[in-house]
Amino acid sequence: MKKGLLALSPLMVFITLYLVTSIIAGDFYRVPITVAFMAASVYAVAISGGMSLAKRIDTFSQGASTNQMMLMVWIFVLAGAFANSAKAMGSIDATVNLTLALLPPQMLLAGLFLAACFISLSIGTSVGTIVALTPIAAGLAQHMGTSVPMLTAVIVGGSFFGDNLSFISDTTIAATQTQGCKLSDKFRVNSFLVMPAALIIFILYIVIGKQVQAPDQQPPIDVLKVVPYIVVLVTAIFGMNVMAVLTLGILLTGVIGLATGSYDLYGWLGSMGQGILGMGELIIITLMAGGLLAIIKQQGGIDYLIRLLTRRVSGKRGAELSVAALVSMVNVCTANNTVAIITVGGIAKQIGDRYGIDNRKCASILDTFSCFTQGLLPYGAQMLMAAGLAQLNPVAIIPYLYYPFAIGIVALLAIIFRFPKRYS
């Protein structure tokens, strides 16, 4: 037991260091998560027994440079380039205007939710969706005398729809790569859970929003700038390789952006560069998490944790609940759903293999429960961003976060009642 705890201690060092220092600072984003990972990695190398220092470093480096890790890095680079070049071209504003224009006035709440769902599905980032739509939602709420926290929560909830389903979402990429399944496979599993939850919340917003009036003036619509998002979504759904999908999206943003005068060649290249740099921290975290878990695994920590989590597990249901609890627990401590998936993905894979959990279902559990937890954290990036843009206290938004609550309940029921059957 002592050896198992010692092997797991690097993970405990990371969680404790990040959590304690963030509480002391009173800000979960004041302490760089990369520094916490660096300290835990150095500690892991230092306490690893039975090997020379060179061998310990080699073990860490091999864990950080596996085929899965390198593929994730490539996808993050392409996703960053596409998302930022599309944003610089004006695709987000065009998509927002088109979505709102297509809906009747009485469906403003439902329309904002649908816009957030579609944009997050297209661009694969909840934070980007919140940045694009929250100012609009807050302005509409103030103009019409509607609850600002409610309209802000509509955007925050819808933004997690993309994290659940988007092919270019970092949570989707991390979940599928750590479990060794295709993006399209996880999409199919999640659709059984996410679609009913989103439909229920959409209907709820229709009922609530019957008395809400839309603004009189509609901004101009540029349908051409929506094309990159539509092409990325359609080609991904039809099974095209994700790297090919993102490359096609990048080329389309360049062609359309240059043709419409949104930017020149250097502006396009610069926007891609900024998008790639914006993924830098996530790439560093991915590499260090891979190395950290390689040392923990080599020292027997993962085997110990699996035994600890599954000692009372008697079947798939218990194993799935243990994976859900593990990713949720780490997410609360790190306030980052992607980091939580990357951190526990290898452990979840071994639990799944031991108890015969379908890799696609395991990836879905990691994704849905991390998004459910992240969606309710007042100190999460999404909540802090939305609260800042709407000038609210993050806690004021939580009671109106219907979609994260719904997806958490549906995901839990799916484990309990073994749904969907074909993946259970």
Side-chain angles (χ1 to χ4, degrees), residues 14 32-38 40-42 44-45 57-87 123-128 162-163 166-186 232 236 240-251 253 269-297 327 330 334 336-349 359 363 366-367 370 381:
F14 162 68
I33 196 169
T34 48
V35 175
F37 261 115
M38 180 189 70
S41 299
V42 172
V45 172
I57 295 174
D58 187 54
T59 299
F60 183 93
S61 300
Q62 288 178 2
S65 59
T66 62
N67 291 340
Q68 286 185 342
M69 292 297 173
M70 290 298 101
L71 178 59
M72 288 172 66
V73 168
W74 269 112
I75 294 173
F76 287 149
V77 167
L78 291 173
F82 169 70
N84 204 64
S85 58
K87 178 181 177 181
I123 67 177
T125 166
S126 51
V127 173
D163 275 354
S166 177
F167 286 85
I168 59 174
S169 166
D170 47 10
T171 56
T172 291
I173 294 166
T176 54
Q177 292 302 311
T178 58
Q179 301 311 299
C181 62
K182 295 180 180 179
L183 296 170
S184 55
D185 290 335
K186 201 273 292 182
V232 163
M240 183 182 287
N241 180 276
V242 64
M243 297 178 72
V245 167
L246 291 172
T247 302
L248 179 60
I250 291 170
L251 293 174
T253 61
L269 297 177
S271 65
M272 284 192 288
Q274 290 176 358
I276 294 170
L277 289 176
M279 290 288 187
E281 183 179 46
L282 186 58
I283 291 171
I284 292 171
I285 289 170
T286 300
L287 298 178
M288 287 198 290
L292 184 67
L293 289 175
I295 289 186
I296 292 174
K297 180 180 179 180
V327 73
V330 174
T334 61
N336 188 306
N337 48 347
T338 304
V339 172
I341 293 172
I342 292 171
T343 304
V344 307
I347 301 171
K349 181 70 167 67
N359 289 344
L366 288 172
D367 181 71
S370 67

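Two residues are said to be in side-chain contact when any heavy atoms from C-beta on lie closer than 4.5 Å; V77 and I283 meet this criterion. Within the 4.5 Å cutoff, side-chain heavy atoms of M272 are placed close to those of L269. Counting heavy atoms from C-beta outward, V344 and L366 have side chains that approach closer than 4.5 Å. Using a 4.5 Å cut-off on side-chain heavy atoms (C-beta onward), I342 and T178 make no contact. Between M38 and I284, the closest side-chain pair of non-hydrogen atoms is not below 4.5 Å.
Residues N359 and G180 come closest through the heavy atom pair ND2-O, 4.3 Å. Taking both residues in full, the closest heavy atoms of G162 and S169 are given as O-CB, 3.7 Å, listed atom of the first, atom of the second, then distance. When all heavy atoms are compared, the tightest approach of S370 to I341 is OG-CD1, 3.4 Å. What you find for F76 and M279 is that their closest heavy atoms are O-CG, 3.2 Å. Here the shortest heavy-atom pairing between M70 and A64 reads CE-O, 3.7 Å. The nearest pair of heavy atoms linking F82 to T253 is CE1-CG2, 3.8 Å.
Checked by atom type and distance alone, the side chain of Q177 never pairs as donor or acceptor with a backbone atom of M69 at under 3.5 Å. Remark: the backbone N or O of S166 is paired with a side-chain donor or acceptor of T172 at under 3.5 angstrom.
Interatomic distance, CG of N336 versus OG1 of T171, reported as 10.0 Å (0.5 Å rounding). To the nearest 0.5 angstrom, L287 atom CG is 9.0 Å from T66 atom OG1. Distance check: I285 CD1 to I33 CD1 gives 4.5 Å after rounding to the nearest 0.5 Å. Here OG1 of T286 is found 11.0 Å from CD1 of I75. Values are rounded to the nearest 0.5 Å. In this structure, the separation between OG on S271 and CG on N84 is 6.0 Å, given to the nearest 0.5 Å. Note: L292 CG to T343 OG1 = 8.0 Å, rounded to the nearest 0.5 Å.
Considering only residues two or more places apart in sequence or on other chains, K349 meets the side chain to side chain donor-acceptor pair (under 3.5 Å) condition with D353. Among residues two or more places apart in sequence or in another chain, the side chain to side chain donor-acceptor pair (under 3.5 Å) test is passed with Q274 by none.
Side-chain contact check for D170 and T338: at least one donor-acceptor pair (N or O, by modelled atom type) lies under 3.5 Å.
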